[in-house]
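Position 1 is the first residue of the sequence; numbering continues from there.
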Amino acid sequence: MAYTTIDDPSAYFQTTIYTGNGGTNAITNSGNSDLQPDLVWLKERSSAGAGLLFDAVRGATKFVRSSDAAAEVTAADTLTAFNSDGFTLGADASNYAANQNSETYVAWNWKKVAGVFDIQTYSGASNTRTISHNLGVVPKAMIFKRLDDGAWIVYHADAGGADKYLVLNTNAAVDTATTLFNNTVPTSSVFSVGNTNSTNGSGIDYVVYLIGNKQGVSKCGSYTGNGNANGPYIHLGFKPAWVMIKRTDSTNNWGIMDNKRSTFNEVGDQLMANTSDAEDNPTSGRDFLSNGFKLRETGNAINGSGASYIYMAFAENPFVTGASAIPATAR
């Protein structure tokens, strides 16, 4: 029996690293499959620079920053095209931290696919309502951005309920508000929003990114830290390519690790979704394994004793593919 119906997750998610050139720069993904991205999240590594999110639904040259609440920006010389296996950048003359000469960058690329990832845009209406999506399964995480000016609002199924939320552009702990998602768990076809400008203000435009749990490909979940260098093992059912972790019961940053910036264990290179900081290189971190990840540090950011955490993760390889039935190997 096949462990997953998607044998090659690189058809739907890939991490790519590149060096800016201050001019036209065509970036090609290097996974097993070609991937024309629907979402590209760029982050400068060598210097400070905000994470920039471009998606094909809003169109090239339009981005929002993950580390602040600022409005959508249109800049003609940033990401200029979504290509059949990557994207093209312009000269970035205004230094938006997309393609500055000799600076190093990472790009996280997602393609819309049922069960894994979807993108929706909508205009708010100031009344309780449901909005259709194309994920085809119940979303386990939804990341909302008000495009005129407003904080990033995050729903996560393991954050405590449909009245709980997190804010991607801050380090704040989980908080409570019944209006954001109308205190209603999303379904396989719709999500709910209440009467609030953060997710449904009259005449305000929004983008929302939806993530589902797909066996062998993507998983959103939670764990409790033990404060020990021999930390918890988190089972994913796949070898991770990308993991973002957030402590929920206290303030801490949204830490992002991937398989291209750190190519062997322990995975130490990290970037923060909620800051413009350059890449950090702690001396310890976590191991990416054939079927999950294991924590190797005692810090409060990912493994405080008794602390609560949520994560979002995407696969490099499923633990077992349908094509070969051969388990993935560890790093």
Side-chain angles (χ1 to χ4, degrees), residues 38-41 50-75 110 112 114 116-212 220 244 246 248 251 254 273-274 310 312:
D38 293 306
L39 169 64
V40 177
W41 185 350
L52 311 180
L53 286 85
F54 301 82
D55 64 68
V57 176
R58 291 179 296 124
T61 75
K62 299 177 185 293
F63 66 85
V64 280
R65 300 179 177 94
S66 64
S67 58
D68 63 50
E72 178 184 77
V73 174
T74 300
W110 286 264
K112 294 194 295 181
V116 178
F117 182 70
D118 188 28
I119 304 171
Q120 294 294 322
T121 56
Y122 64 95
S123 293
S126 285
N127 59 283
T128 299
R129 58 197 285 229
T130 60
I131 298 169
S132 297
H133 65 78
N134 297 317
L135 193 60
V137 298
V138 175
K140 296 300 182 181
M142 301 185 294
I143 304 173
F144 295 77
K145 180 66 177 80
R146 175 178 166 174
L147 296 179
D148 64 340
D149 188 9
W152 292 80
I153 303 298
V154 180
Y155 165 87
H156 193 287
D158 286 0
D163 62 340
K164 305 298 182 185
Y165 73 97
L166 293 146
V167 180
L168 185 68
N169 56 285
T170 78
N171 67 357
V174 70
D175 208 344
T176 301
T178 58
T179 55
L180 292 171
F181 319 119
N182 198 32
N183 201 14
T184 303
V185 173
T187 75
S188 60
S189 59
V190 300
F191 59 89
S192 298
V193 288
N195 185 9
T196 171
N197 285 343
S198 294
T199 56
N200 191 33
S202 179
I204 297 172
D205 291 329
Y206 301 84
V207 63
V208 56
Y209 305 113
L210 304 97
I211 302 170
C220 300
M244 181 164 67
K246 174 69 177 79
T248 59
T251 57
W254 296 79
N274 60 295
I310 55 99
M312 307 174 196

Query raised in the report: Under the salt bridge (Lys or Arg N to Asp or Glu O under 4.0 Å) rule, what pairs show up with a residue in residues 130-146, not counting sequence neighbours?
Result: R146-D148
Query raised in the report: Out of curiosity, L147 CG to I204 CD1, how far, rounded to the nearest 0.5 Å?
Result: 10.0 Å
Query raised in the report: Is a side-chain donor or acceptor of Y206 paired with a backbone partner of G201 at a separation under 3.5 angstrom?
Result: yes
Query - Nearest atoms (heavy-atom pairs only) where M312 meets C220 - result: CG-SG, 4.0 Å
Report summary line: Looking only at heavy atoms, the pair that brings G194 and T199 closest together is N-OG1, 4.4 Å
Query raised in the report: Can you tell me how far the CD1 atom of I310 sits from the CG atom of L166, to the nearest 0.5 Å?
Result: 5.5 Å
Query raised in the report: Checking D38 side chain against K112 main chain: does a donor-acceptor pair fall under 3.5 Å?
Result: yes
Query raised in the report: Atom CG in L135, atom CD1 in I211: separation rounded to 0.5 Å?
Result: 9.0 Å
Requested in this report: Can you measure from OG1 (T196) to CD1 (I153) and round to the nearest 0.5 angstrom?
Outcome: 7.5 Å
**Report entry** Closest heavy-atom pair and its distance - L210, P139
**Finding:** CD2-CG, 3.8 Å
Query - Value rounded to 0.5 Å, distance of CG in D55 from CH2 in W110 - result: 11.5 Å
Query - Trace of the side chain to side chain contact (heavy atoms under 4.5 Å, CB included) decision for N183 with D163 - result: CA-CA 5 Å; N183 201 14; D163 62 340; 3.3 Å; yes
For residues 63-75, tabulate all N or O donor-acceptor pairs below 3.5 Å that involve a side-chain atom, not counting sequence neighbours.
| unit_1 | atom_1 | unit_2 | atom_2 | d |
| --- | --- | --- | --- | --- |
| S66 | OG | A273 | O | 2.7 |
| D68 | OD1 | A70 | N | 2.9 |
| E72 | OE2 | R58 | NH1 | 2.7 |

Query raised in the report: Does N134 reach the side chain of Q120, with side-chain heavy atoms less than 4.5 Å apart?
Result: yes
Query raised in the report: Which one of D118, V207, I119, L39 satisfies the side chain to side chain contact (heavy atoms under 4.5 Å, CB included) criterion with V57?
Result: I119
Query - Closest contact, heavy atoms only, H133 versus T187 - result: NE2-O, 2.8 Å
Query raised in the report: Side chains of I131 and V208: does their closest heavy-atom pair fall under 4.5 Å?
Result: no
Query - Shortest non-hydrogen contact from W254 toward T170 - result: NE1-O, 3.2 Å
Query raised in the report: Any donor-acceptor pair under 3.5 Å linking the side chain of N195 with the backbone of N200?
Result: no
Query raised in the report: Which pairs with one or both residues in residues 144-178 pass ring-ring contact (aromatic ring centres under 6.0 Å, His included), sequence neighbours excluded?
Result: F144-F181, F144-F191, Y155-F181
Query - Considering all heavy atoms, the nearest N197-S202 contact - result: OD1-N, 4.5 Å
